[in-house]
Each structure stands twice: as C-alpha cells, then as structure tokens.
Amino acid sequence: MLNFISKHSPIFLMLAAILGFVIPSASAVVFPFLPYILFFLMLFTLIGMKQNELIKMLGQFDIWLYASFHAVGLSVLACSLAGLFGASSSLLLAISAVTATGSLFATPAIARSVGLDALKAMAMTIASTLLMPAVLYVNLLLFQDNNVSLDMQSYIQRLIIFIAGPMLISAMCYRFIPKDLLHRTHAKLSQVTIVLVLTFPFGLVGEFRSIFDQSIMLGLTYLLIGIALCALFFLIGFLCYRHKGLDDSLLSAITAANRNVLLTYTVAGAYLGPEYMALMGAIQLPTYSLPLIVKAISKYLSAPLTQSVKTPK
C-alpha cells in the first residue's frame, strides 16, 4: 500500500487538498498535529542525506542566489503586477508576505516523489527560510501602516526544532548506525515521508472552506488569486533556470511555488491582515497540484530527448 501511494503521490497530494476542502471538520482535527508531523517529515527526509554534503551545498553561491530570487525577486515582481492590476493595500500586504515566505519544509520530500534532487531542494528550502525574516520585515515596512515587529523568538525556536534538530539527529544516525542498515531503513522511510506530506494539504485547506461558506464568489476570487500566484512563481522559476537543464528548472519552479505560509503567519500574524489568512488557504489547492504538473511536464519535455537518442533501425 505504501509503495502504491508513493508511486502515485502527485495524484494523492492533489486529492488530499480536495478532500480537506470537502471535509473541513476532519481537516480541522488534523491541523493541530501538523507541527509534530513536520518534525518527523524533516527527520525522515534528512536521514537519507549526508549532512556534510548538505552543509557544503549551503555554502554554494548558487543556493543563496536562488534564495534571493525566491524572496526578493519574486516579491518585487508579484507586488508590482498586483499594483498594476489595482490590488487593494490589504491585498498587496498579503501578497508581499506570501512572496517573502521561504519554501515549504515538505519541499524536499515532494521533490523526491517526482524524481528531483531532494538534497538540493533541502538546501534551497533552508536558505530561503533563513532569508525570510529580513525580506518579510522590509515588505511589511513598505505595505503595513503600523509599527512592525517580528516574533523572532518563535521563528528561532522553529528553526531549531524543525531544521537544526533533525539535522543533528540525522548526523548522529550516520555516525553510529551501520550504513547498510541505515540504507535499508531509509528505503522504507522514504515511502512513509510521502504519506506524512499528504497530511499538510489535508490539514491546511479546511479553514479556507469557511470563506466559500460565507460567499462562493469571494472564495473563488481568493482561489483565483492563489492560483495566479502559484502559476507566476512556478513559471518564472522554471524560465529563469531553464538554461541549467530540465531537472534544475523544474526543481526551481516547484521550490519557488511551494510557500511555508504557516511559518510566516507564526512569525508576523498580527501584522498580516485578514487577506493573508484567506490567501494562506487559497494557495493550498494549487500548491499541492504542482507535483502532478511537474511530472507531466517532465514526461512531455523528456520525450523528444529520449526519441532523439534512439538508434535508428
């Protein structure tokens, strides 16, 4: 069963988001457990990575260039476009907060599920998360009228719990557990991680259902804005890194579109306004549909290359 879910994970991710929207009461039950699930998701993902290689990759200029593109570049682009389309000041504030947000902590597991480099995805996720407070603070100063302060204590606690903690445990596993046993264990854990990822679209989208219950048109409006943001992030990420090859461009695209909006809300919730809460739920459906899109794009763009290298009869 785990093997079947892992093999067809892009479809199950999208279905989990839809199911959470259809059954908001069940989604609300799962929501409080997401931080605990996130810890084990990061741990199981990191156990499959050599920490010295991850730290080495975090020292690369390209990773931090991506993080700047993820937060600064896409903030400028998205907010400029929203302003041109006449977005209200509260919506601009919400969009600026979304664009400052680092990538989802689940991104490496999602990347692995569609055949992309999970190690590089982890480095990109960590770098964009570390850069997030500075960009978020600037964005809030630009679009928020009141005095701004961030809950850095909560932010640092979450960095320690969800990044430093799993990295340390993973390093200890590599130090004290025989490599053969660790490899066999990780082969099983890699199937469990994708099941853990399914809980996030299911648990995060339920609150968005309340907006539809109040007004279908308002709900659809936010959903369209969420789809537009995810599509913009994905498309620009793909095009900007297309010259590096198909895998790098798809990895950049899906990492750019995956946004850890819950972490941003934890850090600066009091300053983000009600529109941010609406967008936080609205982007869940398009975000967790992306793995299926990535798999389709990869198959489509790889097909001509595969055909061209076949030996003619």
Side-chain angles (χ1 to χ4, degrees), residues 14 16-18 20-21 24 27-28 31 34 70-107 128-129 132-133 135-140 142-145 148 150 200-237 254-290:
M14 184 177 65
I18 295 171
F21 181 82
S27 175
F31 180 79
L34 292 182
H70 179 103
V72 181
L74 290 176
S75 283
V76 173
L77 178 62
C79 292
S80 298
L81 289 174
L84 287 174
F85 280 100
S88 64
S89 58
S90 58
L91 183 57
L92 273 171
L93 173 64
I95 291 172
S96 73
V98 170
T99 53
T101 299
S103 188
L104 277 172
F105 289 160
T107 297
S128 63
T129 301
M132 184 266 280
V135 180
L136 179 61
Y137 187 75
V138 171
N139 285 0
L140 291 179
L142 291 173
F143 297 103
Q144 169 65 265
D145 296 331
V148 175
L150 303 181
F200 285 87
F202 183 81
L204 286 172
V205 78
E207 187 65 26
F208 183 54
R209 171 64 184 272
S210 62
I211 297 176
F212 272 83
D213 292 340
Q214 295 170 19
S215 169
I216 293 178
M217 288 305 300
L218 183 61
L220 287 173
T221 299
Y222 282 120
L223 180 59
L224 288 174
I225 294 171
I227 291 171
L229 285 174
C230 283
L232 176 67
F233 299 156
F234 185 90
L235 182 62
I236 299 301
I254 199 167
T255 307
N258 288 347
R259 296 280 164 163
N260 196 351
V261 288
L262 189 60
L263 178 61
T264 301
Y265 179 75
T266 301
V267 173
Y271 303 99
L272 301 179
E275 304 239 27
Y276 181 82
M277 288 293 292
L279 278 184
M280 187 169 74
I283 67 172
Q284 299 305 315
L285 288 168
T287 293
Y288 288 99
S289 300
L290 290 176

Chemist: Determine yes or no for a side-chain-to-main-chain donor-acceptor pair under 3.5 angstrom, with Thr287 supplying the side chain and Asn258 the backbone.
Modeler: no
Chemist: Measure the CG-CZ distance between Leu34 and Phe200 for me, rounded to the nearest 0.5 Å.
Modeler: 5.0 Å
Chemist: Do the side chain of Ser103 and the main chain of Thr255 share a donor and acceptor less than 3.5 angstrom apart?
Modeler: yes
Chemist: Measuring from atom CD1 of Ile211 to atom OG1 of Thr221, what distance do you get when rounded to the nearest 0.5 angstrom?
Modeler: 10.5 Å
Chemist: Quick one: ring pair (Phe, Tyr, Trp, His ring centres under 6.0 Å) partners of Phe212, sequence neighbours excluded?
Modeler: Phe21, Phe208
Chemist: Mind checking what makes side chain to side chain contact (heavy atoms under 4.5 Å, CB included) contact with Leu235, not counting sequence neighbours?
Modeler: Leu239
Chemist: Under 3.5 Å, sequence neighbours excluded: what are the donor-acceptor pairs made by side chains of residues 80-88?
Modeler:
from: Ser80; atom 1: OG; to: Val76; atom 2: O; distance (Å): 2.6
from: Ser88; atom 1: OG; to: Ser90; atom 2: OG; distance (Å): 3.2
from: Ser88; atom 1: OG; to: Leu91; atom 2: N; distance (Å): 3.3

Chemist: Rounded to the nearest 0.5 Å, what separation is found between the CG atom of Leu142 and the CG atom of Leu93?
Modeler: 10.5 Å
Chemist: Name the residue from Met280, His70, Gln284 that meets the side chain to side chain contact (heavy atoms under 4.5 Å, CB included) definition with Arg259.
Modeler: His70
Chemist: Please enumerate all residues that pass side-chain hydrogen bond (donor to acceptor under 3.5 Å, both in side chains) together with Thr99, with sequence neighbours excluded.
Modeler: Ser75
Chemist: Hey, does Leu262 have a side-chain heavy atom less than 4.5 Å from the side chain of Phe31?
Modeler: yes
Chemist: Identify, with sequence neighbours excluded, every residue that meets side chain to side chain contact (heavy atoms under 4.5 Å, CB included) alongside Ala228.
Modeler: none
Chemist: Between atom CD1 of Ile95 and atom CG of Leu92, what is the distance when rounded to the nearest 0.5 Å?
Modeler: 6.0 Å
Chemist: Roughly how far, to the nearest 0.5 Å, is CD1 of Ile216 from CG of Leu223?
Modeler: 12.5 Å
Chemist: In a check of side-chain hydrogen bond (donor to acceptor under 3.5 Å, both in side chains) between Thr101 and each of Thr264, Asn260, Thr129, which one passes?
Modeler: Thr264
Chemist: Which residues pass the side chain to side chain contact (heavy atoms under 4.5 Å, CB included) test with Ile18, not counting sequence neighbours?
Modeler: Met14, Val22, Leu285
Chemist: Look at the side chain of Asn139 and the backbone N and O of Ser96, then say whether any donor-acceptor pair between them is shorter than 3.5 Å.
Modeler: yes
